[in-house]
Undergrad: 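Pasting a structure below so you can have a look.
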Amino acid sequence: MEVKVALVTGGSSGIGAATARLLADAGVKVYAGSRRGTFEPARKDVIPLKMDVNDAAALEAAVQEILSREGRLDAVVCNAGNGIYGPVEGTTEEEARYQFETNYFGVLKTIQACLPVFRKQQFGRIITITSVMAILELPFQGFYSSVKAALLSLTESLALELKGTGIQCCSILPGDVSTGFTSARKLNEAATREDSPYKEWMQKNLKQVEKDELGGMSPDVIAKAVLKQLKKKKMAMRVIPRLDYKLVAVLVRLFPAKSRLALIKLLY
Ligand SMILES: NC(=O)c1ccc[n+]([C@@H]2O[C@H](COP(=O)([O-])OP(=O)(O)OC[C@H]3O[C@@H](n4cnc5c(N)ncnc54)[C@H](OP(=O)(O)O)[C@@H]3O)[C@@H](O)[C@H]2O)c1
């Protein structure tokens, strides 16, 4: 594998930690960035970095530290992220911006910190962790769907712009994964209002969403998808792990929007 050194953001938990572990098992030196700055269980080939993806200076310092220690950076897995929950109606602009801060601008800052290195090397791999929700909207997660759709578009536009430079982009769209994501989810103020017209629907819906996530696949499945792409000469553009989610993606494309939304409403 050409990738010898990688930065994984959100490496302290869930998909990021599983990815860091699997890449290291495959012989990659991994830098696992997160605000906690921890990686457990500790191992020599995974170096935890304390950094916030919303802090451009911290990202720059992280990239410089990797370069000074390794002399190269071959891949970045933009994985750090979070979710908010609540109806579009009543969600404040501040809450909506919070969703875009880490999941969109944090990824943008991460990519922009790595790109000069990749350009100089004429080699680099950029993987963004988006979600099947980038192509499949669910009620009360409109901002999460929006931000993942925006990130998917950004990844694909970037891939176009970088064609022929030796730098490749790929987005991985996981379905439900059992991680710390569920407990870290923030409820918007409008989601907790006693007089909300959506109150009963949201209570039922959130229970189902949490059950689906906690009963979802292991983060190792996503880690394997990341490793598989990094091993390839040419990475795929979009990867949807697991056959059932691949089928969902096909159905999403086949159904006209109106019937798709009617079906989602029935299910959720
Ligand atoms: N779980 C799912 O069902 C699922 C499905 C589709 C896509 N995803 C996506 O997968 C990615 C990873 O989520 P996960 O499921 O593994 O959740 P998780 O267990 O909560 O992990 C999230 C990671 O992101 C880090 N993080 C959050 N904000 C950060 C920031 N500002 N700067 C640096 N690191 C930050 C967290 O570490 P610190 O708190 O230490 O900073 C943690 O390591 C996210 O982008 C999520 O949207 C998850």
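In listed order, ligands and their atoms are each counted from 1.
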Undergrad: Ring-plane angle category for Phe140 and Tyr198, please: parallel below 30°, perpendicular beyond 60°, tilted otherwise.
TA: perpendicular
Undergrad: State, with a plain yes or no, whether a side-chain heavy atom of Gln168 is found less than 4.5 Å away from one of Ile126.
TA: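 No, every pair of side-chain atoms sits at 4.5 Å or beyond.
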Undergrad: Going by the rule side-chain hydrogen bond (donor to acceptor under 3.5 Å, both in side chains), which residues pair with Asp244 if we only count those two or more places apart in sequence or in a different chain?
TA: Arg242
Undergrad: Should the pair Lys186 and Tyr98 be classed as cation-pi, given the thresholds of under 6.0 Å to the six-membered ring centre and 45° from the axis?
TA: yes
Undergrad: Hey, does the side chain of Gln121 reach the backbone of Phe123 with a donor-acceptor pair shorter than 3.5 angstrom?
TA: yes
Undergrad: Show me, by chain and number, every protein residue that has a heavy-atom distance under 4.0 Å to ligand 1.
TA: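 Those residues closer than 4.0 Å to ligand 1 by some heavy atom are Gly10, Gly11, Ser12, Ser13, Gly14, Ile15, Ser34, Arg35, Arg36, Met51, Asp52, Val53, Asn54, Asn79, Ala80, Gly81, Thr102, Ile129, Thr130, Ser131, Tyr144, Lys148, Pro174, Gly175, Asp176, Val177, Thr179, Gly180, Phe181.
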Undergrad: Verify, without hydrogens or angle tests, whether Lys4 (side chain) and Met1 (backbone) share a donor-acceptor contact under 3.5 angstrom.
TA: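 Yes: the side chain of Lys4 pairs with the backbone of Met1.
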